[in-house]
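This report refers to the structure that appears directly beneath it.
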Amino acid sequence: MDVNGTLIWYYNICKREVYLMSHGILPNQDDENIDIGRFIHENYYRRNEKEIRFGNVAFDVMYQNQNKLIIGETKKSSKFLEASKWQLLYYLKILNEAGIEAKGVLQYPEERRRVEVELTDENIIKLKKMEEEIINIIESPLPPKVEECVYCKNCAYREYCYA
Ligand code: SF4
């Protein structure tokens, strides 16, 4: 399994989720009250005409001004802002490697919030490290140990971790 934006997102939430997801152990996708289930639903089933597929990643184009492409997402809540930011940075890195200059934007209309995301040399290095660690997690014979975190309470994988 190749690294993709979804795994980058999971990595920034919980490393154990990276293992479970990449080994085909799907969380409850129907429970709209469960955050991770909602993420899966949004990312796997919410596809629209603005979507661009590029290699093994897909993302939405927000708009294009002059010669700069702006990609991003519109989301309900900024609860997963950090993970969403890294996911978007990963897409920007892929475009950058193909010689395409782009910026990212995360929009939270219900919170009247807009976060701009820009690729820097420093976060390219961080993303490369994340990719290496994700590969190590995927190839490991066992999942990382359960580490209780703020996301456990509403995680659709909690039965795997706490049953
Ligand atoms: S329940 Fe907690 S430890 Fe288990 S996968 Fe979810 S976030 Fe990770």
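Atoms within a ligand are numbered from 1 in the order they appear, just like the ligands themselves.
- Atom 8 (Fe) of ligand 1 has no N, O or S atom of C155 closer than 2.8 Å.
- Taking Ile, Leu, Val, Met, Phe, Trp and Tyr as members and joining any whose side-chain heavy atoms lie under 4.5 Å apart, directly or through other members, the hydrophobic cluster of Y162 also contains V146.
- Within 6.0 Å of atom NZ in K93, more than 12 heavy atoms from other residues, nucleotides or ligands are found, so the atom counts as buried in its surroundings.
- Every atom of ligand 1 is numbered from 1 in the order shown, and the set under 4.0 Å from a heavy atom of E17 is 5 (S), 6 (Fe), 7 (S).
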Next item on the list: Please lay out, stage by stage, how I25 and Y157 fare under the test side-chain contact (heavy atoms from CB on, under 4.5 Å).
Entry: CA-CA 9 Å; I25 303 165; Y157 282 124; 4.2 Å; yes
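- Residue-environment remark: CD (E147) stays at or below the threshold of 12 foreign heavy atoms within 6.0 Å.
- Between E111 and K75 there is no salt bridge, since no side-chain nitrogen of the basic residue lies less than 4.0 Å from a carboxylate oxygen of the acidic one.
- Counting backbone and side-chain atoms alike, C14 contributes no N/O/S atom closer than 2.8 Å to atom 4 (Fe) of ligand 1.
- When each atom of ligand 1 is checked for a heavy atom of Y157 under 4.0 Å away, the hits are 5 (S).
- Residue C152 touches ligand 1 through backbone and side chain together, judged by heavy-atom distances below 4.0 Å.
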